[in-house]
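Encoded as structure tokens, the structure appears first; notes follow it.
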There are 2 protein chains.
Amino acid sequence: MKNPIADLNKIFDSRIRLGVMSVLVVNDEIGFNDLKQMLELTDGNLASHLNTLEQADFIKVHKGFIGRKTSTTYSITELGKQAFKAHLDALEKMIKKL
Amino acid sequence: MKNPIADLNKIFDSRIRLGVMSVLVVNDEIGFNDLKQMLELTDGNLASHLNTLEQADFIKVHKGFIGRKTSTTYSITELGKQAFKAHLDALEKMIKKL
DNA sequence: TATTTAACTTTGAAAAACAAAGCACTTTTA
DNA sequence: TAAAAGTGCTTTGTTTTTCAAAGTTAAATA
């Protein structure tokens with residue numbers, strides 16, 4: 001039997017980053033505050049996980065305005081999509097044996 | 001939109017514990033060394049994760065003998081099966097939106 | 001008898017997660 | 001117009017988690 005966890009992506013061990021990605025897969029763009037409320041996180045905690053995801057080039061940040069108010073939104077990158085899909089495939093392989 | 005990560009079980013955030021459970025779902029019983037080799041872990045690391053799983057009553061330990069040599073094996077409990085399934089369901093719900 | 005193996009426990013270090021506070025900027029409210 | 005509040009962070013420091021390495025006990029083997 002092969003090591004079943006070898007293909008899991010370490011970045012997605014975190015439930016929060018997993019949550020962010022799963023939200024971004026279905027929402028083209030989402031704001032900082034929406035994410036914060038959805039995942040029930042403090043600012044700092046969310047910001048640092050978003051940062052990890054951005055460092056990995058799995059998400060992109062968009063700084064813009066709504067009217068004249070600043071607004072930061074996030075979206076998934078192609079690389080992020082691929083990595084997330086690969087992770088899910090690895091997960092599925094692990095558990096499909098059920 | 002509801003918090004997508006609220007129903008994930010914290011115990012299964014760890015890839016290693018996830019791996020142990022996925023192995024135990026398909027193998028009625030497995031030995032310490034087999035697990036160790038399969039998941040490519042050091043003794044101490046595996047032992048501590050097994051301990052966490054045992055504390056939660058998700059796995060059971062069987063101390064026995066092969067001939068007169070000790071042999072420790074592990075199996076999943078009913079509670080463990082339920083918790084693992086619930087976790088997988090929560091995961092699936094998160095990503096089925098794909 | 002010396003070495004090896006199994007299955008741990010203990011120790012300690014490194015990494016990760018997290019909350020809280022601070023901050024720069026803008027907008028809203030009194 | 002002065003104070004309050006919101007946005008999106010960064011910084012700081014604590015707590016939690018992870019992990020490797022070494023030590024341990026008992027039995028097996030050479």
Side-chain angles (χ1 to χ4, degrees), chain A residues 3-6 8-24 27 29-56 58-75 83 87, chain B residues 3-6 8-24 27 29-56 58-75 83 87:
Chain A
N3 182 348
I5 63 183
L8 295 176
N9 192 325
K10 269 228 166 100
I11 287 196
F12 302 132
D13 278 1
S14 152
R15 70 209 287 97
I16 293 176
R17 292 191 294 266
L18 204 61
V20 169
M21 293 303 279
S22 89
V23 168
L24 285 184
N27 297 281
E29 244 181 327
I30 191 160
F32 185 88
N33 262 305
D34 291 340
L35 260 181
K36 187 180 118 183
Q37 277 158 35
M38 202 178 292
L39 303 178
E40 298 170 57
L41 302 171
T42 55
D43 289 12
N45 196 4
L46 175 56
S48 76
H49 283 293
L50 287 174
N51 198 49
T52 300
L53 253 13
E54 202 196 343
Q55 294 302 91
F58 288 176
I59 66 173
K60 248 191 326 249
V61 185
H62 314 270
K63 307 242 175 209
F65 292 88
I66 295 179
R68 277 172 45 204
K69 197 168 158 184
T70 57
S71 140
T72 309
T73 61
Y74 301 86
S75 64
H87 181 78
Chain B
N3 182 346
I5 63 181
L8 295 176
N9 192 323
K10 266 223 168 108
I11 287 197
F12 302 132
D13 278 3
S14 152
R15 72 211 282 99
I16 292 176
R17 293 192 294 267
L18 204 63
V20 170
M21 294 302 279
S22 90
V23 168
L24 285 183
N27 297 281
E29 244 181 326
I30 192 160
F32 185 89
N33 260 305
D34 291 340
L35 261 181
K36 187 181 119 182
Q37 277 158 36
M38 202 178 291
L39 302 178
E40 298 171 58
L41 302 170
T42 55
D43 289 10
N45 195 5
L46 176 56
S48 75
H49 284 292
L50 288 173
N51 197 48
T52 300
L53 254 12
E54 202 196 343
Q55 294 303 91
F58 288 177
I59 66 172
K60 249 191 327 253
V61 185
H62 314 271
K63 306 244 175 205
F65 292 88
I66 294 178
R68 277 173 46 206
K69 195 167 160 187
T70 58
S71 140
T72 308
T73 61
Y74 302 85
S75 65
H87 181 78

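Taking atom CG on L35(A) and atom C1' on dT7(D), their separation rounds to 14 Å, with Å as the unit. Taking atom CD1 on I5(B) and atom P on dC18(C), their separation rounds to 8 Å, with Å as the unit. With rounding to whole Å, F32(B) atom CZ is found 6 Å from dA7(C) atom C1'. Put simply, CG on L41(A) is 8 Å from P on dC18(C), counting in whole angstrom units. In this entry the distance linking NZ of K36(B) with P of dT5(C) reads 10 Å, nearest Å. Taking atom CG of L18(A) as the reference point, atom P of dA17(C) lies 12 Å away to the nearest angstrom. Atom CD in Q55(B) sits about 10 Å away from atom P in dT9(C), given to the nearest Å. Going from atom CG of N45(A) over to atom P of dT15(D) covers 17 Å, rounded to whole Å.
Note on D43(A): a base of the nucleic acid sits closer than 4.0 angstrom, heavy atoms only. Using a 4.0 Å heavy-atom cutoff across all strands shown, L46(B) reaches no nucleic acid atom at all. Heavy atoms of S14(A) sit under 4.0 angstrom from primed sugar atoms or phosphate atoms, though from no base atom.
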Practice task
Apply the test side chain to side chain contact (heavy atoms under 4.5 Å, CB included) to residues L39(A) and H49(A): give CA-CA distance (whole Å), side-chain angles for both, the deciding distance (0.1 Å), then the verdict.
Solution key: CA-CA 12 Å; L39(A) 303 178; H49(A) 283 293; over 6 Å; no
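OP1 or OP2 of dC18(C) has at least one side-chain nitrogen or oxygen of H49(A) nearer than 4.0 Å. Of the side-chain N and O atoms in N51(B), none sit less than 4.0 angstrom from OP1 or OP2 of dC8(C). Contact annotation: T72(A) does not reach the phosphate of dT7(D) (side-chain N/O to OP1 or OP2, under 4.0 Å). For S48(B) and dT18(D), the shortest distance from a side-chain N or O to OP1 or OP2 is not below 4.0 Å. Close to dA6(C), at under 4.0 Å from its OP1 or OP2, lies a side-chain N or O of N33(B). Distances shorter than 4.0 Å separate none of the side-chain N or O atoms of Y74(B) from OP1 or OP2 on dA7(C).
In plain terms, the two heavy atoms of L46(B) and F32(B) that are nearest each other are CD2-O, 3.5 Å.
For an aromatic pair to be called close, the ring centres must be under 6.0 Å apart, and F58(B) with F12(B) satisfies this.
Taking for each of T73(A) and K10(A) the nucleotide of DNA chain D with the nearest heavy atom, the 5'-most of the two is the partner of T73(A). With the nearest nucleotide of DNA chain C identified for both R17(A) and G44(B), G44(B) has the one nearer the 5' end.
In this structure a side-chain-to-backbone donor-acceptor pair under 3.5 Å is present from N3(A) to I5(A).
Looking only at atom types and distance, the side chain of H62(B) has a donor-acceptor partner in the side chain of S75(B) under 3.5 Å away.
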